[in-house]
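Remarks on the structure that follows.
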Amino acid sequence: MSLFRCEQVNKSYQGQPVIRDITLTLAQGELVGLLGASGVGKTTLMSILAGVDRPDSGRVLLKGEDITGVAGRVGYMLQKDLLLPFKTTLDNVSLPLILKGMKKSKAREQATELMERFGLSGSENKYPHQLSGGMRQRAALLRTHFSGNRVILLDEPFSALDALTKSELHRWYLDVSAQMGLTTLFITHDMDEALTLSDRIYVMTGIPGEIQTQLAISAPRPRPADFAVSQEFLQAKRQLLDAIGR
Ligand SMILES: Nc1ncnc2c1ncn2[C@@H]1O[C@H](COP(=O)(O)OP(=O)(O)OP(=O)(O)O)[C@@H](O)[C@H]1O
Ligand SMILES: [Mg+2]
């Protein structure tokens, strides 16, 4: 049985259908990419999966429980997940715990325990503008982790980073998500990123956006350095290009 799924989700804005009949599943521990062009409805779908928006029809299930329209059950990192500029890194990442009712000292303690794993030790008392882009993103990921359980929805988590920081963060996220047993759905419009990270890739196309196809990548994660020139990579990329071109 899938850990997380949505079934036949539809959504319109002002009478205009934006996404149609979206069904997708996440199995425990999977890292799944959602690939599609700008405007295809990826963020709309994600906000429904996170429960911050309601579908017109269809439902969202976590371990078989209907959580349609219920926020806070899964972690959700927005496309522009800005850290609060006037709060320190430690206070930013522990905020979701405090919002859940945990005492501030306890929340800080829990956050401190994970700062190292998230490459943030020593930055506890720094403010967001004092962090590098990669560090800010890791802080936002840690905050997301604290906001939900171990199902994590990420809206373009790596897109604003330079190429080197991006591949560093890819490797790091593969590591952390395996260690912590996270199940992740991430949005991207970067095919290479999708192919590098994903166990499976859903491709969304059209207006309204629909799941055009899905693709499994069998090479184990983390993938070898030469994966990007391997037969599997190139074949899969061809399939993605065909799917998006259609
Ligand atoms: N709150 C809203 N009200 C009205 N229209 C909206 C709203 N949110 C999104 N839309 C429309 O829905 C469509 C899909 O938007 P969405 O943000 O989901 O796309 P996206 O795939 O995430 O794009 P991008 O890759 O640029 O982030 C767009 O045409 C957008 O204008
Ligand atoms: Mg978007």
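Atoms within each ligand, like the ligands themselves, are counted from 1 in listed order. Residues take their numbers from the sequence shown, with the count starting at 1.
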Under 30°, 30 to 60°, or over 60°: which ring-plane class applies to Phe227 and Phe233, parallel, tilted or perpendicular? perpendicular
Write out the residue and atom name of the closest protein heavy atom to [atom], then the distance separating them to 0.1 Å.
atom	answer
atom 27 (O) of ligand 1	Gln79 NE2, 2.9 Å
atom 17 (O) of ligand 1	Thr43 CB, 3.7 Å
atom 16 (P) of ligand 1	Thr44 OG1, 3.7 Å
atom 13 (C) of ligand 1	Val18 CG1, 3.6 Å
atom 8 (N) of ligand 1	Tyr13 CE1, 3.3 Å
atom 25 (O) of ligand 1	Lys42 NZ, 2.7 Å
atom 23 (O) of ligand 1	Gly39 N, 2.8 Å
atom 24 (P) of ligand 1	Ser38 OG, 3.6 Å

Ser147 to Gly75 - nearest heavy-atom pair and separation: OG-CA, 3.6 Å
Check ligand 1 against Gln14 and write out every atom of the ligand that is under 4.0 Å from a heavy-atom position of the residue. 4 (C)
Donor-acceptor contact below 3.5 Å, side chain [X] vs main chain [Y]:
X	Y	result
Thr205	Ile244	no
Asp155	Thr43	no
Lys237	Asp192	no

Can you tell me if Gln16 has a non-hydrogen atom under 4.0 Å from ligand 1? no
Quick one: which of Thr184, Leu185, Ile187 gives a side-chain contact (heavy atoms from CB on, under 4.5 Å) with Leu154? Thr184
Using the side-chain contact (heavy atoms from CB on, under 4.5 Å) rule, pick out the option among Leu215, Leu45, Leu34, Leu35 that qualifies with Tyr202. Leu34
Does Glu124 come within less than 4.0 Å of Lys126, counting only side-chain N to carboxylate O? no
Could you confirm whether Ser38 has any N/O/S atom lying under 2.8 Å from the Mg ion (ligand 2)? no
Looking at side-chain heavy atoms only, is the closest gap between Met204 and Ile19 below 4.5 Å? yes
For ligand 1, which part of Glu156 has a heavy atom less than 4.0 Å away: the side chain, the backbone, both, or neither? side chain
Met204 contact mode with ligand 1 (heavy-atom cut-off under 4.0 Å): neither
Any protein heavy atom nearer than 4.0 Å to atom 2 (C) of ligand 1: yes
Return a yes/no value: protein heavy atom under 4.0 Å from atom 31 (O) of ligand 1? no
Would a hydrophobic clustering, with Ile, Leu, Val, Met, Phe, Trp and Tyr connected at side-chain separations under 4.5 Å, put Phe86 with Leu95? yes
